[in-house]
Amino acid sequence: MVDTDSGWDGGGGRGQRGAGGTRGARAADAIPDGRIAAPDRRVALPGRRVAAVSLVALAALATGCEPGTATGAQDASPPVRATQAAAPSPTAPVTEDAKPRTAPPPSPSASTAPPAPAPDPTTARPAPEPSTAPPPRVLMRTGSESDRVRELQARLRQIGHFGRNPTGYYGSVTADAVRSFQAKRSLPVTGSTDEVTWQRLLAMTRVPTAAELRPPTERPVAAPDERCLKGRVLCISKNSRTLAWMIDGRVVSAMDVRFGSEYTPTREGVFEVFWKSRDHVSTLYDTPMPYALFFSGGQAVHYSADFAANGYGGASHGCVNVRDKKKVAALFDQVRTGDKVVVYW
């Protein structure tokens with residue numbers, strides 16, 4: 001609706017005849033098509049400016065537009081839209097049947113997990129006290145040499161733990177046999193013969209015979225070479241690994257022997273004893289050679305502690321080794337310089 005009485009054309013003058021409040025009311029009534037007339041810039045009245053701002057706000061709300069940023073309204077907070085339904089109160093009681101099936105159970109937290117229970121000191125087992133019982137006394141060990149060692153070997157052989165003839169020397173072969181016996185009888189496996197091991201062995205075996213204690217050789221004596229049938233001869237067979245001390249075709253004694261390796265072979269042929277040395281030591285190998293009977297250069301028949309300990313697992317440097325010390329000692333006393341020596345296959 002237009003005020004026809006005012007006659008205001010925007011240039012001012014004729015619309016000022018009324019009071020300020022009347023003019024402001026007429027200006028509000030004179031808004032065509034929802035537009036707001038500009039305030040009169042010629043008169044700066046605070047009341048009219050406030051009224052104009054209020055009219056702008058009312059017009060914006062009527063058209064449904066969001067208000068823009070207005071001068072003096074920067075501190076105003078924007079309106080909040082309610083787009084989600086309110087969550088249920090966490091304190092609302094929930095029964096077992098009302099638990100949502102899709103909600104996973106709360107995962108335990110490390111901070112809320114109960115601590116592991118400490119062990120009850122009253123149920124802890126005390127550490128076992130070390131045994132104060134002294135170990136059994138050792139009767140024989142590696143390096144021992146005696147008739148008791150010979151008996152030990154003979155008794156072990158009776159029950160299948162020692163596969164050779166007794167020598168009287170406690171070497172690695174005897175130690176291995178003792179370990180085998182101890183392990184089978186659930187005894188401490190030491191390889192040494194203590195009182196417990198010895199008494200258990202005595203209870204399981206009988207007293208060895210003389211032939212068991214001192215058999216002539218470990219292997220059968222070979223048929224003598226024809227060169228051994230006359231005179232005094234040391235008849236040595238590489239095939240049977242035996243030495244037969246013979247006089248006029250008769251075997252006086254026999255013993256096991258071993259020979260040199262392929263790099264230091266024992267020479268074969270007919271020789272004679274040219275030197276005897278009871279307590280000889282090799283200057284070439286710095287090795288003891290007790291009861292040495294030299295027959296070919298540096299090669300001799302002599303006792304070997306290594307042969308007694310390790311058997312045929314080793315070899316000599318060319319000499320004829322004997323492992324029975326008593327037999328070779330008796331042989332040394334009987335053989336003379338010049339007696340024949342025959343080494344053959």
Practice item. State which residue, out of V320, V301, L234, fulfils the side chain to side chain contact (heavy atoms under 4.5 Å, CB included) condition with V341. Key: L234

Check your understanding: Distance only, no hydrogens: is a donor on one side chain within 3.5 Å (strictly under) of an acceptor on the other, for S296 and R267?
Key -> yes

Check your understanding: For the residue pair H280 and W275, does the interplanar ring angle fall in the parallel (under 30°), tilted (30 to 60°) or perpendicular (over 60°) class?
Key -> perpendicular

Check your understanding: Do you know which of R250, R232, K327 makes side chain to side chain contact (heavy atoms under 4.5 Å, CB included) with W245?
Key -> R232

Check your understanding: Below 6.0 angstrom between ring centroids: does that apply to F181 and H161?
Key -> yes

Point to revise | Donor + acceptor pair across side chains of Q299, T266 (<3.5 Å) | key: no

Review point. Should F307 and Y285 be counted in the same cluster of Ile, Leu, Val, Met, Phe, Trp and Tyr side chains packed under 4.5 Å apart?
Key: no

Point to revise | Verdict with supporting geometry, F332 and Y303, ring-ring contact (aromatic ring centres under 6.0 Å, His included) | key: CA-CA 10 Å; F332 182 87; Y303 170 74; over 10 Å; no

Exercise for review: Give, for atom CG of N321 and atom CZ of R258, the distance between the pair rounded to the nearest 0.5 Å.
Suggested key: 4.5 Å

Check your understanding: Are T242 and S240 close enough that a side-chain donor and a side-chain acceptor fall under 3.5 Å?
Key -> yes

Revision key, fill the gap. Disulfide bond (SG atoms under 2.5 Å apart) pairs touching residues 190-230, sequence neighbours excluded, are C228-C235

Exercise for review: Answer yes or no: is there a side-chain heavy-atom contact under 4.5 Å between Y170 and Q153?
Suggested key: no

Check your understanding: Is there a side-chain contact between R185 and L187 (heavy atoms, below 4.5 Å)?
Key -> yes

